[in-house]
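Everything numeric here is computed off the predicted structure, so don't read it as measured data.
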Amino acid sequence: MSGRPAPRVSVSEEAFRAIVGERDANLRQIERTFGVRLAAREGAFVVEGEPAPAAAAATLLEQLAGLCDRGYRLRARDVALACRLAREAPGVPLDRHFVEGRIAGPGRRRVVPRTAHQRQYLELARRHDLVFAIGPAGTGKTYLAVALAAEALAEERVRRIVLCRPAVEAGERLGFLPGDLAQKINPYLRPLYDALYDILGPEKVGRMIEQGIVEIAPLAFMRGRTLNESFIILDEAQNTTPEQMKMFLTRIGEGSKAIVTGDVTQIDLPPGRQSGVIHARRIIAGVPGIAVIEFDKHDVVRHELVQRIVRAYETHEQAAAREEAARAPDPADGPDRPEGASP
């Protein structure tokens, strides 16, 4: 241990209560993150530990207190998020995530980026008319896109929201589903409804759909249209063909923004068909006004179990690839020859 005095962070009474949390749970979270010990007494925190992690923990406490003093209602999940961000992007002020990065709008939920990549995603989406967001399930690609669309609508930067997905099974299998066309395609669009309901509430979404302010439809329904003053989201784009992707991208009209999301590890196209999002990513590289953001397993923000599942599958696939490579014959060895045979 260093002979330096332990950092002491004095905070307001309200910030003190918020940071401590229920049964000191927030303090324990900070201790685990930085490997320090925290003592909370009389409106101040004393941080004991090695100099570098103790200083980092003290900085986090100061920033959390600053958020509280600015009127931010700090919750346990916010402290956990702040600890995560301190590991991923230690030099970035928390204000960038919790205040500047916050998505405004009429929603009932407070939406803030939960990883450094998510913050970058929001920044790119606000500066570009078209963004490709590519990465594994659970990284917030679709949810944040819907929240951004709701924000743009609330601020009257667009007049409507258009959400679409490819119905991969359109053709033989779709015909076997019960019901009319709307009932057949509804299961493919359900994730978009879920995000809208969570952000805006079911009743409001229902009214907006009736008024034509929100439209949710299969990608095939976009053909021949021009979408002006709209916020357009193409979800599950890994299941588009190159032709479908080109069709979608050429629907974008005046005053519109578009976000394309996809997970290239979960392509459900028939064998031999190229994914439209992979094809487009190569073609649009460097085109002004278009940005690409790629997420990875560290950005998974669903239940912690999802992140562990993603890692487990990745480990399994890597092991299987190594095993297959080990079984493959080495071309340099050539065919087996009887012992003593001349080359």
Side-chain angles (χ1 to χ4, degrees), residues 32-35 53 80-81 83-90 113-121 124 131-145 165-166 168-169 173 188 191 234-245 259-286 291-343:
R32 289 193 299 271
T33 298
F34 296 96
L81 171 56
C83 289
R84 175 175 183 159
L85 294 172
R87 294 192 301 267
E88 294 181 354
R114 297 176 63 186
T115 69
H117 270 145
Q118 284 194 355
R119 190 194 73 249
Q120 183 185 3
Y121 178 27
L124 289 172
V131 174
F132 282 76
I134 301 168
T139 51
K141 305 181 300 297
T142 302
Y143 192 89
L144 289 177
R165 292 181 122 206
V168 174
E169 302 293 349
R173 299 187 189 179
Y188 297 99
L234 173 58
D235 194 33
E236 296 289 323
Q238 75 275 7
N239 289 326
T240 62
T241 63
E243 295 79 13
Q244 288 173 323
M245 178 61 72
I259 293 180
V260 176
T261 71
D263 178 1
V264 295
T265 68
Q266 297 191 42
I267 297 174
D268 299 319
L269 293 169
R273 297 304 303 271
Q274 186 178 20
S275 168
V277 75
I278 295 175
H279 181 259
R281 184 169 54 179
R282 293 197 302 266
I283 293 175
I284 55 85
V292 178
I293 176 91
E294 299 203 25
F295 297 91
D296 58 34
K297 61 186 178 185
H298 303 293
D299 296 303
V300 174
V301 292
R302 286 181 184 166
H303 192 290
E304 186 180 349
L305 184 59
V306 175
Q307 197 170 43
R308 293 200 294 266
I309 290 170
V310 171
R311 285 198 298 265
Y313 269 92
E314 188 175 81
T315 301
H316 171 76
E317 289 163 3
Q318 290 171 350
R322 288 194 298 269
E323 185 177 335
E324 184 176 349
R327 288 199 305 265
D330 188 342
D333 290 343
D336 293 337
R337 297 187 182 90
E339 187 175 353
S342 58

Are the side chain of Asn239 and the backbone of Asp268 linked by a donor-acceptor contact shorter than 3.5 Å? yes
Do Arg273 and Glu243 meet the salt-bridge criterion of a basic N to acidic O distance under 4.0 Å? yes
Which pair of non-hydrogen atoms, one from Val264 and one from Ile134, has the smallest distance, and what is that distance? CG1-CG2, 4.0 Å
Within this structure, what is the CG-CZ distance for the pair Leu85 and Arg114, rounded to the nearest 0.5 Å? 10.0 Å
Side chains of Ile284 and Val292: does their closest heavy-atom pair fall under 4.5 Å? yes
Drop me the distance from Ile259's CD1 to Asp235's CG, to the nearest 0.5 angstrom. 11.0 Å
Looking at side-chain heavy atoms only, is the closest gap between Val260 and Met245 below 4.5 Å? yes
Which atom pair, heavy atoms only, marks the closest approach of Ser275 to Ala237? OG-O, 4.2 Å
Measure the CG-CD distance between Leu144 and Gln118 for me, rounded to the nearest 0.5 Å. 4.5 Å
Donor-acceptor pair, Gln238 side chain versus Gly262 backbone, under 3.5 Å? no
Set of side-chain hydrogen bond (donor to acceptor under 3.5 Å, both in side chains) partners for Thr115, sequence neighbours left out: Asp299
Thr261 and Phe295, any side-chain heavy atoms less than 4.5 Å apart: no
Can a donor-acceptor pair be found, under 3.5 Å and without considering hydrogens, that links the side chain of Lys141 to the backbone of Pro136? yes
For the residue pair Pro191 and Glu236, establish whether any side-chain heavy-atom pair is separated by less than 4.5 Å. no
Residues two or more places apart in sequence or in another chain: which of them pass side chain to side chain contact (heavy atoms under 4.5 Å, CB included) with Thr33? Gln29, Cys83, Arg87
Run the salt bridge (charged side-chain N to carboxylate O under 4.0 Å, His left out) test against Glu324 and tell me which residues pass, sequence neighbours left out. none
Residue set satisfying side-chain hydrogen bond (donor to acceptor under 3.5 Å, both in side chains) with Gln274, at least two apart, ordered chain then number -> none
Sequence neighbours excluded, the answer for salt bridge (charged side-chain N to carboxylate O under 4.0 Å, His left out) partners of Glu294 is Arg281
For Phe132, which residues count as a ring-ring contact (aromatic ring centres under 6.0 Å, His included) partner, sequence neighbours excluded? none
How far does CD1 of Ile278 sit from CD1 of Ile283, to the nearest 0.5 angstrom? 12.5 Å
What residues, two or more places apart in sequence or in another chain, satisfy side-chain hydrogen bond (donor to acceptor under 3.5 Å, both in side chains) together with Glu323? Arg327
Return the CD to OG1 distance between Glu317 and Thr265, rounded to the nearest 0.5 Å. 7.5 Å
Sequence neighbours excluded, the answer for side-chain hydrogen bond (donor to acceptor under 3.5 Å, both in side chains) partners of Gln120 is none
Nearest heavy-atom neighbours spanning Leu234 and Pro166: CD1-CD, 4.1 Å
For Pro53 and Phe34, which heavy atoms make the closest approach, and how far apart are they? CB-O, 3.2 Å
